[in-house]
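The figures that follow rest on heavy atoms only: side chains count, while hydrogens, waters and symmetry mates do not. Chain letters run A, B, ... following the sequence lines, proteins first, then strands; residues in each count from 1.
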Amino acid sequence: MKTPEQTVRYYLSLIPAQDFENMPLHEMVRHESPYGEVLGRRVFTEACRSLVAGTREIVIKSCIAQGDTVAVEYEAIKDTGSRFELSEWFRIVDGKIVEIKAFFDGSRFNA
Amino acid sequence: MADLNKHIRALQDLPAPDSIWDAIESTLTDRERSLALIRTFYASLEEEPALHQLSEDFQYQTPLGTYDLKAFGHYHAPLFRGKELRIEQILLDGHQAVVRYSIPGTALTDTNLATDWLTLNHGKIQHIRSYFDAAALSNKMIG
C-alpha cells in the first residue's frame, strides 16, 4: 500500500489526464473549497471535471506529510499557459483519500 | 544559625531567572522550538511579539499582494487586532511548516480558513505564502 504522501502524489498526477476512474478516492470523500462542500466520489468527480479541464501539468512546490494527513502546495498549469496556485490538505485512510480541504483565491481560478 | 547561613548561600548560588529560562529553552528540540515560534506568532499577530518572530528580510505573500516586514506591521497585522485566531493544524518538516487556521468573527469567517506555508530560518519566520479566498473576503468587506 502507498504511503499517504505517495497516495496524494499519485492522485495529483492523474489530474492532467482527468483519470477520475483511477484516483484513490474513498466513496464518501468530502471536499471543501471556497466554492462549498461536496460529499461523495461521484458528486466530487462531476464537480471537478470542468474545473480541471485544460490542465496541462501539476507542479508540486511543497509537500509535508504527518500521520494520515498530507498538505500540498502546487501549481496547476493550464493549456493556455496560465498558472493557478493552490494549497490542499488531504486525509488518507487505508490508501484512499477521505477528505480534501482546498485553499485558493476563487477570483483567479479561471484567469 | 549555621543551617540558615547554609540556606542563604544555597539561594545566592541559584542562577538568575534569565539563566533559568535559557536553561529550559536549551532543552527544547529544534522541532519544539519551531512549533513554539509558530504558536507565538499566530497567538499575537497584531502585537509586538509576533513581529519579533519575523526576520529582517521577511516576506508575506498573499492573493492580495506581497508585503515586507514594515508593510506587514503597518497594514496587515492590525487587521487581526482583537480577533481570536484559531490554529486548526500545524505540520512541520525541518525549516518548512504549514499552518491551517480560522479567524472567527471576522470577514474571513465566510471563507472560514486560511493556510500559510512558512519558511523558518535561524529561529525566525522568513517567508509566509498565504492561501485564502480573497474574492470572498473582498465581497464581504464591500458588502
*Which heavy-atom pair separates Q89(B) from T69(A) by the least distance, and what is that distance?*
NE2-OG1, 3.5 Å
*To the nearest 0.5 Å, what is the distance between OH (Y35(A)) and CG (D133(B))?*
7.5 Å
_Minimum-distance pair of heavy atoms, taken over all atoms of Q66(A) and L92(B)_ = OE1-N, 3.7 Å
_Please say yes or no: joined through hydrophobic side-chain contacts below 4.5 Å, possibly via intermediate residues, are V93(A) and V70(A) part of one cluster?_
no
*Following the transitive rule for hydrophobic clusters with a side-chain heavy-atom cut-off under 4.5 Å over Ile, Leu, Val, Met, Phe, Trp and Tyr, establish whether I77(A) and I58(A) coincide in one cluster.*
no
*How about E21(A): does its CD atom have over 12 heavy atoms from other parts shown lying under 6.0 Å from it?*
no
*Going hydrophobic residue to hydrophobic residue with side-chain gaps under 4.5 angstrom, can you get from V72(A) over to V59(A)?*
no
*Cluster question for you: counting only ILVMFWY and a side-chain heavy-atom cut-off of under 4.5 Å, with indirect links fine, are F44(A) and M28(A) together?*
no
*Using non-hydrogen atoms and a 4.5 Å limit, figure out which bit of R100(B) sits close to chain A: side chain, backbone, both or neither.*
both
_Side-chain heavy-atom pair Y131(B), E73(A) within 4.5 angstrom cut-off_ = yes
*asked:* Quick check: closest heavy atoms across W117(B) and S87(A), and the distance to 0.1 Å?
replied: NE1-OG, 2.8 Å
*Calculate, to the nearest 0.5 Å, the distance between atoms OG1 and CG belonging to T62(B) and D105(A) respectively.*
9.0 Å
*Just wondering, are more than 12 heavy atoms of other shown residues or ligands nearer than 6.0 Å to CZ in R56(A)?*
yes
*Considering all heavy atoms of both residues, which atom of V99(B) and which atom of W89(A) are nearest to each other, and what is their separation?*
C-CZ2, 3.9 Å
*asked:* side-chain contact (heavy atoms from CB on, under 4.5 Å) for S62(A) and R129(B)? Distances and angles first, verdict last.
replied: CA-CA 11 Å; S62(A) 313; R129(B) 294 182 301 282; 3.5 Å; yes
*asked:* With a 4.5 Å cut-off on side-chain heavy-atom distances among I, L, V, M, F, W and Y, is there a chain of contacts connecting V98(A) to F20(A)?
replied: no
